[in-house]
Amino acid sequence: MAAPSGRVGVPAWIFVPAAAGAAFVLLPLAAIVLRTPWSRFLDLLVSPASVEALLLSLRTSGTSTLLCVLFGVPMALVLARTTFRGQGVLRSLVLLPLVLPPVVGGIALLYTFGRRGLLGETFEVLGIQVAFSTTAVVLAQTFVALPFLVVSLEGALRTAGQRYEVVAATLGARPTTVFRRVTLPLVLPGLVSGAVLAFARSLGEFGATITFAGSLQGVTRTLPLEIYLRRETDAQAAVALSLVLVVVAILVIGFARQGRSSL
Amino acid sequence: MTFHYDAAVADRGVDLTFDIAPGRTLALLGPNGAGKSTALAVAAGLLRPDTGRVVLDGRPLTVTGHDERDVLVAPYDRQVSLLAQEPLLFPHLSLLDNVAFGPRSRGAGRAGSRTVARRWLGEVGIAELADRRPAQVSGGQAQRAAVARALAADPRLLLLDEPMAALDVAVTPALRQTLRRVLADRTVLLVTHDALDALLLADEVAVIEDGRIVDQGETAQVLAQPRSRFTAQIAGLNMITGTWRDGAVLTPAGLRIEGRPDGPVPRTGDPAVAVFPPRAVSVFLDDPGGSPRNALRVTITHLEPQGGQIRVRTEELSADVTPQAAAELDLAPGSAAYFVVKATEIAVYAT
């Protein structure tokens with residue numbers, strides 16, 4: 001049954017802490033806008049180091065989002081549509097990067113893919129050095145962003161349920177056809193919002209990147225790293241670049257909301 | 001060449017055995033929770049029974065707990081289509097592409113499957129809605145499209161799960177007529193709790209109570225002469241068959257039953273059935289006269305309590321009266337009486 005229309009309202013005093021909380025979130029954003037050196041804004045943005053950092057960020061975040069989709073979609077499907085022993089534990093572990101401090105993630109990656117790492121020697125034999133390369137940036141970003149996509153998509157899959165898939169199967173569709181023509185289109189909004197969240201998380205990645213990939217201009221120095229470094233030498237430039245990331249974040253929230261509302 | 005079903009699912013307490021001859025429709029009739037949906041799930045390959053054998057046209061689809069090797073053919077490979085209570089049309093596809101889904105999945109090309117789909121949309125009377133999305137059509141139209149989709153997949157067996165239950169009562173008679181037409185030569189397993197669906201769509205009926213078949217046979221016979229009290233409870237419909245003439249059903253015995261046609265009006269001379277529930281019947285000792293009433297002279301054969309009422313049974317009909325009325329009228333097996341039904345309480349269907 002639908003709830004009857006109309007509301008009972010909330011106690012009046014609740015608006016005070018609510019407004020304080022909102023101000024706490026919004027004021028720092030206003031501070032960035034107010035402190036942005038608008039006269040030098042464009043110059044700061046198009047400085048070679050900034051452009052390089054921005055392009056590197058977009059490139060690596062795009063790549064890691066793609067990797068998140070490639071691996072996250074199958075992971076979400078396995079978690080949502082199958083049952084096996086230890087599934088609950090596996091789900092928790094897969095989601096661990098959500099709550100793990102990124103710097104710890106960076107260290108973990110270093111001891112996996114680094115020169116002395118678990119798989120490092122294997123890569124070394126193949127002539128690939130992962131740590132402190134652009135590849136390392138992508139790996140760090142994928143590591144922290146993957147759970148966002150998996151969580152978002154698994155939720156969408158569970159909400160969509162299996163009834164359409166059952167009907168498709170009884171109409172003669174093989175599992176791959178069901179996946180391609182029914183499952184994916186049904187959860188597309190969830191997938192898009194998951195991918196957008198993953199992209200945003202990749203774009204903002206700092207801790208794991210600086211630990212695992214370092215900070216080499218043009219190679220591993222993404223926008224957040226550039227902002228952090230600039231802060232010491234040219235605070236105004238750091239503010240200007242920060243504003244860029246704020247704008248990107250606002251766009252991302254808009255996209256993610258759109259994806260969700262069309263569910 | 002037939003559908004054979006024999007399966008037990010222990011944790012749901014369901015153990016059913018039945019056969020459906022080619023081109024026939026069997027209705028599993030029973031209340032919710034009796035095990036009807038379990039049977040559908042096993043037939044569709046969605047549920048593995050603890051022991052069982054399901055064979056369609058000589059091909060084992062499910063075999064478990066027997067001497068031979070276990071078999072569980074995947075749902076997509078069974079040629080068994082499922083039409084559920086809700087249409088479940090794929091929301092991202094047009095009605096045309098929904099109906100074309102089955103043929104495409106079975107390997108037909110895009111153009112070829114759309115041709116098939118158009119034909120089926122026409123068959124269920126919604127050809128003009130081909131390009132609409134499911135969200136843009138009514139519930140009845142969506143269910144018609146779902147019927148077309150299930151049939152376009154060219155199943156050897158069609159499973160119908162309460163196909164009318166989720167629909168507005170205003171549109172059920174017309175859809176029922178369409179189903180009667182398109183299901184005529186198909187092998188169908190229909191699951192329903194509505195005796196009327198069974199009467200109008202099924203050749204045979206199996207009544208399920210607590211996971212077991214308690215009554216089985218030709219539909220009209222099972223419903224008209226329930227052998228178990230349970231069947232009488234859920235089926236318990238009065239049905240008088242005859243031909244349609246001048247706004248009434250004329251029986252071979254010469255009785256004239258006035259009623260209102262539900263769905264299309266039958267043509268004069270067409271076979272028709274007048275259906276009314278026992279509670280619509282009043283019992284009198286003398287013919288009360290007066291129109292628009294139908295007064296049927298009957299001889300009472302049984303009296304039995306049923307849900308706080310007394311069910312008065314004759315060879316073919318039954319009526320529910322209060323215990324007080326039964327006592328006042330002094331009804332007893334063998335006594336003569338009149339069953340009186342208002343014409344507005346009688347639904348007439350073309351058969």
Side-chain angles (χ1 to χ4, degrees), chain A residues 1-2 69 73-74 76-85 87 152-196 255-263, chain B residues 37 40-41 43-47 61 73-94 97-108 110 113 116-117 120 133-135 142 145-161 189:
Chain A
M1 288 298 285
V69 171
V73 171
L77 208 62
V78 167
L79 287 177
R81 289 287 189 265
T82 65
T83 44
F84 52 86
R85 273 175 68 98
Q87 192 179 28
S152 169
L153 189 59
E154 195 197 343
L157 282 167
R158 289 191 183 279
T159 309
Q162 282 189 272
R163 301 185 307 163
Y164 290 104
E165 293 164 9
V166 165
V167 169
T170 67
L171 291 170
R174 288 163 182 280
T176 304
T177 310
V178 176
F179 173 68
R180 189 171 53 83
R181 292 202 62 204
V182 177
T183 312
L184 268 190
L186 281 178
V187 298
L188 195 60
L191 177 58
V192 168
S193 78
V196 168
F255 267 116
R257 278 175 57 99
Q258 218 167 22
R260 206 159 288 162
S261 62
S262 64
L263 254 179
Chain B
S37 304
L40 283 191
L46 306 169
L47 181 68
L61 297 180
V73 175
Y76 68 82
D77 198 21
R78 294 189 162 221
Q79 291 186 274
V80 173
S81 286
L82 175 68
L83 178 65
Q85 273 181 38
E86 288 157 56
L88 294 177
L89 296 175
F90 306 129
H92 55 287
L93 298 179
S94 67
D97 285 336
N98 262 284
V99 179
F101 188 91
R104 281 217 76 185
S105 298
R106 296 223 154 104
R110 184 186 294 257
S113 20
V116 173
W120 279 109
R133 290 292 176 94
V147 171
R149 180 176 64 175
L151 292 172
D154 197 22
R156 284 168 178 270
L157 172 72
L158 182 62
L159 306 174
L160 301 182
D161 185 4
L189 176 59

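Throughout, protein chains are lettered first and strands after them, A, B, ... in sequence-line order, and every chain is numbered starting at 1.
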Legend entry - Proximal component of L89(B), with respect to chain A [non-hydrogen, under 4.5 Å]: backbone
Legend entry - Which atom of L171(A) lies closest to which atom of S105(B), heavy atoms considered: O-CB, 4.3 Å
Inset, instruction - Measure L46(B) against the heavy atoms of chain A and call it side chain, backbone, both or neither at under 4.5 Å. - result: side chain
Inset, instruction - Sort R104(B) into side chain, backbone, both or neither according to what part of it lies under 4.5 angstrom from a heavy atom of chain A. - result: side chain
Inset, instruction - Return the set of residues passing ring pair (Phe, Tyr, Trp, His ring centres under 6.0 Å) with F179(A) (not counting sequence neighbours), or none when no residue passes. - result: none
Legend entry - Reported OH-to-OG1 distance for the pair Y76(B) and T176(A), which is rounded to 0.5 angstrom: 8.5 Å
Inset, instruction - Can you establish whether the number of heavy atoms outside R158(A) located under 6.0 Å from its atom CZ is more than 12? - result: yes
Which side-chain N or O atoms in residues 160-167 of chain A pair as donor and acceptor under 3.5 Å with protein atoms at least two apart or in another chain?
from, atom 1, to, atom 2, distance (Å)
R163(A), NH1, E86(B), OE1, 3.2
E165(A), OE1, R81(A), NE, 2.8
E165(A), OE2, R81(A), NE, 3.3
E165(A), OE2, R81(A), NH2, 2.9
E165(A), OE2, T183(A), OG1, 3.1

Legend entry - Most contacts with chain A, counted as non-hydrogen pairs under 4.5 angstrom, among A152(B), G45(B), A150(B), P91(B): P91(B)
